[in-house]
Engineer: 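Mind looking over this structure? Questions follow.
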Amino acid sequence: MSMIEKLGLAALHRLDPEHAHDLSIRALRTGLVPMPGGPVTSPRLRTTLAGIDMPNPVGLAAGYDKNGKVIGPLMKSGFGFIEIGAATPRPQPGNPKPRLFRLTGDRAIINRFGFNNEGMEAIVERLRARPAGIPVGLNLGANKDSADRADDYAKVLRLAADTADFVTVNVSSPNTEKLRDLQGSDALAALLRHVLQTRDTVRAGLPVLLKIAPDLSDAEIEQIAGVATDCGVDAIIATNTTLSRDGIADAQASQAGGLSGQPLFDRSTRVLARLYRQTGGRLPLIGVGGISSPEDLWQKIRAGASAVQIYSALIYQGMSLAPQLAQSLDLRLEAEGTTLAELTGSGVDDWG
Ligand SMILES: Cc1cc2nc3c(=O)[nH]c(=O)nc-3n(C[C@H](O)[C@H](O)[C@H](O)COP(=O)(O)O)c2cc1C
């Protein structure tokens, strides 16, 4: 981390977390954040996941650039791919503030934003206007007061289909009441069939990813893997934030919402490994949850990830973490004489 980044982070951490987040977006927009200028890449890092060509496998997770306001700068920040959103059909304000909390000692975040966003029209317009570069996906959400949530995902997909490089069906946010019920077998199968049929009519071949929660039993993970495979989902993102507060020391642990960051690492990696075993490595998996170091990244891939995403660690370590992670992965792959494909899932048995 450079001195400028250190000072910038220290200043942001003195502010209310949501205000700090908004300021970081503004700083990116105005070009105040030093950027590597493009993705870190090499033949070892380059990969194709579900038909998505990535210069490196380190992506930005959904929820940082919810409204697609800084797609251009983020595309130059060293990531191999980014995901914006969640976008819902209609704009909605989300939950009352405060709704974002830094649990600094735990290196964790709690959020209960509740899909605050400017709505699909504004977001997809920005997506369409982005420069050429790395793949950009859109996280699909449902309006809180929707009469047909399954159709909300299809609506956003339909609008974004001609421009998104992939879309993610996010049924795992804990901050929209009953949303996670869509992970149940029957509801999930119906939802995925509707979304995938819509995809086939508007843009066959557009990768549709499914993002799941970390708070699932082994039986539920097995069911989801089965439904996702049967329906023909292109990849699974594991995982979203957790409702668990296991091992959290911070007094803000009692805040309602989803917890992310370092304490999520083990839980989300166990779900990832379970999914990898269930799908026999045939369905590509993106590992997300608690990655904050090169070693975490390495272990996530060993547990079954073909690519990863990060978010909370950026709040504590700054945007320079993305290129650092990608570079260190490249060096270690070279040093250990292995490839990304060989590494993926090679340590699945460490996770029970
Ligand atoms: C403030 C905040 C907002 C988020 N919003 C979304 C969202 O809109 N859609 C989504 O799928 N995940 C969302 N997430 C979850 C992240 O994409 C990611 O799955 C989770 O934070 C775990 O990764 P991390 O430990 O690296 O942060 C959000 C996370 C945070 C911290």
Side-chain angles (χ1 to χ4, degrees), residues 16-22 24-25 58-68 79 81-88 92 94-95 97-103 106-118 120 123 137-144 153 156 166-176 179-180 182-183 209-215 236-244 248 255 257-269 271-272 285-293 296-297 300 305 307-317 319 321-322 325:
D16 155 75
E18 186 164 351
H19 185 204
H21 169 266
D22 295 347
S24 78
I25 296 267
V58 180
L60 173 66
Y64 174 69
D65 188 9
K66 282 188 183 275
N67 290 306
F79 287 108
F81 65 108
I82 63 175
E83 185 173 339
I84 64 162
T88 57
Q92 63 178 27
N95 291 321
K97 295 177 185 176
R99 52 195 182 174
L100 182 62
F101 306 88
R102 274 189 300 261
L103 286 66
D106 295 304
R107 284 286 195 263
I109 297 291
I110 290 177
N111 92 83
R112 53 168 179 268
F113 271 117
F115 288 162
N116 57 314
N117 76 106
E118 294 178 11
M120 64 178 183
I123 297 170
L138 178 64
N139 191 261
L140 313 176
N143 279 116
K144 183 182 172 180
Y153 294 92
V156 186
F166 65 91
V167 294
T168 302
V169 177
N170 171 17
V171 284
S172 45
S173 168
N175 300 314
T176 297
L179 190 85
R180 306 212 304 184
L182 288 170
Q183 292 177 125
L209 283 49
L210 171 68
K211 185 165 179 181
I212 65 167
D215 307 323
I236 298 182
I237 304 182
T239 69
N240 213 310
T241 56
T242 180
L243 292 172
S244 164
I248 304 296
Q255 288 292 347
L259 181 126
S260 54
Q262 264 180 33
L264 177 59
F265 184 80
D266 279 6
R267 179 178 284 260
S268 59
T269 309
V271 172
L272 172 73
L285 304 175
I286 296 180
V288 50
I291 296 173
S292 66
S293 69
D296 292 342
L297 167 57
K300 212 52 135 181
V308 303
Q309 291 177 321
I310 58 172
Y311 182 174
S312 300
L314 300 170
I315 296 174
Y316 293 107
Q317 299 183 57
M319 278 290 167
L321 180 63
L325 287 177

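Each ligand, and each atom within it, is numbered from 1 in the order the structure gives. These numbers come from the heavy atoms of this one structure, side chains and all, not from hydrogens, waters or symmetry mates.
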Engineer: Is Asn240 touching ligand 1 with its side chain, its backbone, both, or neither, if touching means heavy atoms under 4.0 Å apart?
Structural biologist: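 For Asn240, the contact with ligand 1 is made by both the backbone and the side chain.
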
Engineer: Checking a contact table here: which protein heavy atom is nearest atom 31 (C) of ligand 1, and how many Å away?
Structural biologist: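 Of the protein heavy atoms, Ser260 OG, 3.5 Å lies nearest.
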
Engineer: Can you confirm whether the side chains of Ser24 and Asp22 place a donor and an acceptor under 3.5 Å from each other?
Structural biologist: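 No.
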
Engineer: Between Asp16 and Lys97, is the salt bridge (charged side-chain N to carboxylate O under 4.0 Å, His left out) condition met? List the steps.
Structural biologist: CA-CA 11 Å; Asp16 155 75; Lys97 295 177 185 176; over 6 Å; no

Engineer: Return the residue, atom name and 0.1 Å-rounded distance of the protein heavy atom closest to atom 23 (O) of ligand 1.
Structural biologist: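 Checked against all protein heavy atoms, atom 23 (O) of ligand 1 sits closest to Val288 CG2, 3.4 Å.
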
Engineer: Measure from the side-chain N and O atoms of Asp106 to the backbone N and O of Ile248, and report whether any donor-acceptor pair falls under 3.5 Å.
Structural biologist: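 Judged by distance alone, no pair lies under 3.5 Å.
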
Engineer: Quick check against the 3.5 Å criterion: does Asn139 have a side-chain atom that pairs as donor or acceptor with the backbone of Gly63?
Structural biologist: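 Not at all, since once roles are kept as given, no pair shorter than 3.5 Å links the two residues.
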
Engineer: Does any N or O of ligand 1 fall below 3.5 Å from an N or O anywhere on Gly290, backbone included?
Structural biologist: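 Min N/O separation from ligand 1 is below 3.5 Å for Gly290.
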
Engineer: Looking only at side chains, do Lys144 and Thr88 share a donor and an acceptor under 3.5 Å apart?
Structural biologist: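 Lys144 vs Thr88: no donor-acceptor pair found between side chains.
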
Engineer: Aromatic rings His21 and Phe113: how do their planes relate, parallel, tilted or perpendicular, breaks at 30° and 60°?
Structural biologist: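 Ring orientation, 0 to 90° scale: tilted.
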
Engineer: Indicate the atoms forming the closest heavy-atom contact of Arg102 with Ala20, along with that distance.
Structural biologist: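 Nearest heavy atoms, Arg102 then Ala20: NH1-CB, 4.0 Å.
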
Engineer: Any idea which atoms of ligand 1 are less than 4.0 Å away from a heavy-atom of Leu264?
Structural biologist: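 Every atom of ligand 1 under 4.0 Å from some heavy atom of Leu264: 22 (C).
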
Engineer: Touching ligand 1 at all, Asn117? Heavy atoms, strictly under 4.0 Å?
Structural biologist: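 Asn117 does not count as a contact of ligand 1 under the 4.0 Å cut-off.
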
Engineer: Specify the closest pair of heavy atoms between Gln309 and Val288, including all atoms of both residues, with the distance to one decimal.
Structural biologist: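 It is O-CG2, 3.4 Å.
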
Engineer: Specify the protein heavy atom at minimum distance from atom 26 (O) of ligand 1: its residue, its atom name, and the distance to 0.1 Å.
Structural biologist: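 Minimum-distance protein heavy atom for atom 26 (O) of ligand 1 reads Tyr311 N, 3.1 Å.
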
Engineer: Are any of the N or O atoms of Thr241 closer than 3.5 Å to those of ligand 1?
Structural biologist: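 Among all N and O atoms of Thr241, none is under 3.5 Å from an N or O of ligand 1.
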
Engineer: Please state which protein non-hydrogen atom is closest to atom 9 (N) of ligand 1 and give its distance, to 0.1 Å?
Structural biologist: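 Of the protein heavy atoms, Asn139 OD1, 2.9 Å lies nearest.
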
Engineer: Contact between ligand 1 and Ala313 is defined here as a heavy atom of the residue under 4.0 Å from a ligand atom; is it met?
Structural biologist: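 The answer is no: ligand 1 sits nowhere under 4.0 Å from a heavy atom of Ala313.
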
Engineer: Got more than 12 heavy atoms from elsewhere within 6.0 Å of NZ, Lys66?
Structural biologist: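 Yes, the 6.0 Å shell around NZ holds more than 12 heavy atoms from other groups.
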
Engineer: With a 3.5 Å cut-off and no angle check, do the side chains of Ser292 and Arg107 form a donor-acceptor pair?
Structural biologist: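 Note: Ser292 and Arg107 side chains miss the donor-acceptor criterion.
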
Engineer: Ligand 1 versus Phe113, non-hydrogen atoms closer than 4.0 Å: side chain, backbone, both, neither?
Structural biologist: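 For Phe113, the contact with ligand 1 is made by the side chain alone.
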
Engineer: For ligand 1, which atoms, with element, lie under 4.0 Å from some heavy atom of Leu100?
Structural biologist: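 Once the distances to Leu100 are compared, the set is 1 (C).
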
Engineer: What residue and atom, counting heavy atoms only, is the protein's closest point to atom 4 (C) of ligand 1, and at what distance?
Structural biologist: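 Of every protein heavy atom, Gly63 CA, 3.5 Å lies nearest to atom 4 (C) of ligand 1.
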
Engineer: What is the minimum heavy-atom distance between Asp215 and Arg180, and which atoms define it?
Structural biologist: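 Heavy atoms of Asp215 and Arg180 come nearest at OD2-NH2, 2.9 Å.
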
Engineer: Heavy-atom contacts with Gly289 under 4.0 Å: which atoms of ligand 1 show up? List them by number with element.
Structural biologist: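 In order of numbering, the contacting atoms are 22 (C), 23 (O), 25 (O).
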
Engineer: Measuring from the heavy atoms of Ser173, does anything fall under 4.0 Å of ligand 1?
Structural biologist: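 No.
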
Engineer: Identify the closest protein heavy atom to atom 27 (O) of ligand 1: which residue and atom is it, and at what distance?
Structural biologist: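 In this structure, atom 27 (O) of ligand 1 has Ser312 OG, 2.6 Å as its nearest protein heavy atom.
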
Engineer: Please confirm whether Ile310 comes within less than 3.5 Å of ligand 1 when only nitrogen or oxygen atoms on both sides are compared.
Structural biologist: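 No - when backbone and side-chain N and O of Ile310 are compared with those of ligand 1, no distance drops under 3.5 Å.
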
Engineer: Could you name the option among Lys66, Arg112, Lys211 that has the heavy atom nearest to atom 5 (N) of ligand 1?
Structural biologist: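 Going through Lys66, Arg112, Lys211 one by one, Lys66 has the nearest heavy atom to atom 5 (N) of ligand 1.
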
Engineer: Within the structure, does Thr239 bring an N/O atom to less than 3.5 angstrom of an N/O atom in ligand 1?
Structural biologist: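 Between Thr239 and ligand 1, an N or O pair is found under 3.5 Å apart.
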
Engineer: Identify, by atom number and element, the atoms of ligand 1 in contact range of Gly85, meaning under 4.0 Å from any of its heavy atoms.
Structural biologist: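 What qualifies from ligand 1 is 8 (O).
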
Engineer: Shortest non-hydrogen contact from Phe265 to Gly290?
Structural biologist: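 Heavy atoms of Phe265 and Gly290 come nearest at CD1-O, 3.7 Å.
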
Engineer: What about Gly261: any of its N or O atoms under 3.5 Å from an N or O on ligand 1?
Structural biologist: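 It does: an N or O of Gly261 is found under 3.5 Å from an N or O of ligand 1.
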
Engineer: Name the option, out of Ala87, Pro263, Ala62, that contains the heavy atom nearest to atom 17 (O) of ligand 1.
Structural biologist: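 Result: the heavy atom closest to atom 17 (O) of ligand 1 is in Ala62.
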
Engineer: Quick one: closest heavy-atom pair of Ser312 and Ser260, and the distance?
Structural biologist: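 That would be OG-OG, 2.7 Å.
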
